[in-house]
There are 2 protein chains.
Amino acid sequence: MVSRVESAAATRRALLDAAAGLLDSGGPGAVTLRAVGARAGVTRGAPYRHFPDKDSLLTAVAAEALDRLADQVQAVRADPRLSPADKLHMGLSALMTVGRRQPHLYRLMFTHPAGDPAAIHAAKQAGDRAMGEFLGIVGGVVGAEHTRRFAPLLLTSVHGITDMEVNGHLSADKWHITAEELVTTLVAMIDRQARSG
Amino acid sequence: MVSRVESAAATRRALLDAAAGLLDSGGPGAVTLRAVGARAGVTRGAPYRHFPDKDSLLTAVAAEALDRLADQVQAVRADPRLSPADKLHMGLSALMTVGRRQPHLYRLMFTHPAGDPAAIHAAKQAGDRAMGEFLGIVGGVVGAEHTRRFAPLLLTSVHGITDMEVNGHLSADKWHITAEELVTTLVAMIDRQARSG
DNA sequence: ATTCTCAGATGACTTTGTCACCTGAATGAG
DNA sequence: CTCATTCAGGTGACAAAGTCATCTGAGAAT
């Protein structure tokens with residue numbers, strides 16, 4: 001026996017999963033409310049019982065992805081078995097992995113959120129949390145006094161590297177370098193800079 | 001008296017300008033073929049005489065923007081009055097300026113091009129040219145032997161900084177740092193690194 | 001037991017991309 | 001100069017998709 005709220009929660013979950021699945025497999029163009037509904041086992045109008053509009057649904061998907069990322073980074077940060085350098089590497093890898101495995105979702109995560117204010121706020125909240133976790137990890141490597149300067153640089157740069165790769169602008173043919181090499185170089189440079197002055 | 005080809009070329013030009021204008025002022029959602037046609041002084045079906053589909057039109061807009069960027073960077077690179085450091089600064093500024101003044105266009109430029117193969121090819125071509133100019137400028141600063149390593153890093157990083165700023169993920173409130181500071185730090189680091197090791 | 005609430009279904013409207021077809025003017029052959 | 005041709009552009013039509021008004025039936029509250 002399923003209570004009404006349980007059923008509603010399950011549908012909401014199914015809608016989010018359906019939207020994320022369609023986004024992954026077919027890109028933004030494949031995410032239609034009709035397809036989302038069908039995949040979630042409901043009809044085209046049902047999503048409006050859970051989200052004010054399509055944008056809000058997409059933004060909720062982005063918020064969940066950012067939350068998952070924040071969780072991952074938090075877990076890495078809290079793992080006492082890892083060295084600060086390893087934490088940094090794993091944290092950055094987590095970000096790049098999203099870009100590689102779910103390029104459309106990655107784009108959604110870093111696009112200005114749209115939809116109703118509540119959804120937008122949730123996405124920003126999740127993004128801020130993810131960023132906060134990254135800041136903590138970077139701080140463990142370069143020291144608190146350098147965090148303000150280097151953490152944002154590291155994050156934006158790795159995002160740029162990932163974004164360019166995701167969009168096919170990092171073809172190995174022409175650049176003769178991989179995303180990993182770029183990140184390694186960057187981290188080494190920042191590490192050295194923070195150490196020496 | 002306007003020959004037929006002149007008229008057609010003018011319409012094509014008007015369509016591209018209209019699409020770019022709508023993109024700038026209203027975002028991707030405002031770019032409908034009907035609106036583009038109206039703004040260009042033709043009707044909804046006319047664009048199909050010049051572009052196979054909407055994606056190809058957008059890709060052509062992106063290609064032109066990339067070409068303009070390449071021209072700008074080329075001009076900077078060729079200016080004998082500028083020092084290598086100034087060229088680098090101006091080249092990177094040109095990129096960031098596009099992001100700030102035309103955020104939607106900027107996104108379009110760095111998104112995987114869609115549409116018919118010819119349009120896609122043109123966009124890639126323009127992108128490659130812009131990249132080549134940047135490579136040249138960076139090479140003038142860090143030396144040819146370091147270009148392969150640092151030019152892509154610089155470009156992807158500055159793109160990431162710009163993209164994050166454009167999408168509102170660089171709020172000064174939380175990061176306590178500006179895009180300019182990030183770029184300055186990055187350039188200084190790379191410069192130092194290339195000089196010493 | 002009755003009424004209420006709300007998730008979900010359905011029909012309808014609007015916008016938009018796209019295509020088939022039509023039209024008139026510039027062009028090129030004779 | 002005349003006429004057939006080519007092609008940019010207009011028009012009608014259709015399907016897909018977002019959105020809303022309305023309806024319905026099953027759980028929840030009284």
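Since we're looking at a predicted model, the values are computed, not measured. By convention in this document, chain letters (A, B, ...) are assigned in the order of the sequence lines, proteins followed by strands, and residues within each chain are numbered from 1.
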Nearest-Å distance for atom pair CZ/C1', residues B/F51 and D/dC7: 17 Å
Within residues 39-47 of chain A, residues whose heavy atoms come under 4.0 Å of DNA chain C: A/V42, A/T43, A/R44, A/G45, A/A46
Rounded to the nearest 0.5 angstrom, the CZ-CZ distance for A/R148 and A/F150 is 10.5 Å
Is there a path of hydrophobic side-chain contacts, each under 4.5 Å between heavy atoms, that joins A/W175 and B/V73? yes
For the pair made of OH in A/Y48 and P in C/dC13, what is the distance, rounded to whole Å? 17 Å
Spatial distance of atom CG (B/L108) from atom NE2 (B/H104) [nearest 0.5 Å]: 11.0 Å
d(B/L92 CG, B/M96 CE) to nearest 0.5 Å is 8.5 Å
If I take atom CZ in residue B/R12 and atom C1' in nucleotide D/dG9, what distance separates them, rounded to the nearest angstrom? 16 Å
Would a hydrophobic clustering, with Ile, Leu, Val, Met, Phe, Trp and Tyr connected at side-chain separations under 4.5 Å, put A/V166 with A/L170? no
Under a 4.5 Å cut-off applied to non-hydrogen side-chain atoms, are A/H89 and A/V187 in contact? no
Stretch residues 31-38 of chain A: residues that reach within less than 4.0 Å of DNA chain D through a heavy atom: A/V31, A/T32, A/L33, A/R34
Between C1' of C/dC22 and CZ of B/R49, the distance in whole Å: 11 Å
In this structure, OG1 of B/T178 is separated from CD of B/E165 (nearest 0.5 Å) by 8.5 Å
With heavy-atom distances below 4.5 Å as the criterion, would you say the side chains of A/L186 and B/L186 are in contact? yes
Can you say whether the rings of B/H169 and A/F110 are parallel (under 30°), tilted (30 to 60°) or perpendicular (over 60°)? perpendicular
Interatomic distance where NE2 belongs to B/H50 and P belongs to D/dC7 [whole Å]: 13 Å
Figure out the CG/C1' separation between B/L57 and C/dG17, and round it to whole Å. 12 Å
Distance in angstrom units between A/L58 CG and D/dT19 P, rounded: 11 Å
Between P on D/dA17 and CG on A/L22, what's the gap in Å once rounded to a whole number? 11 Å
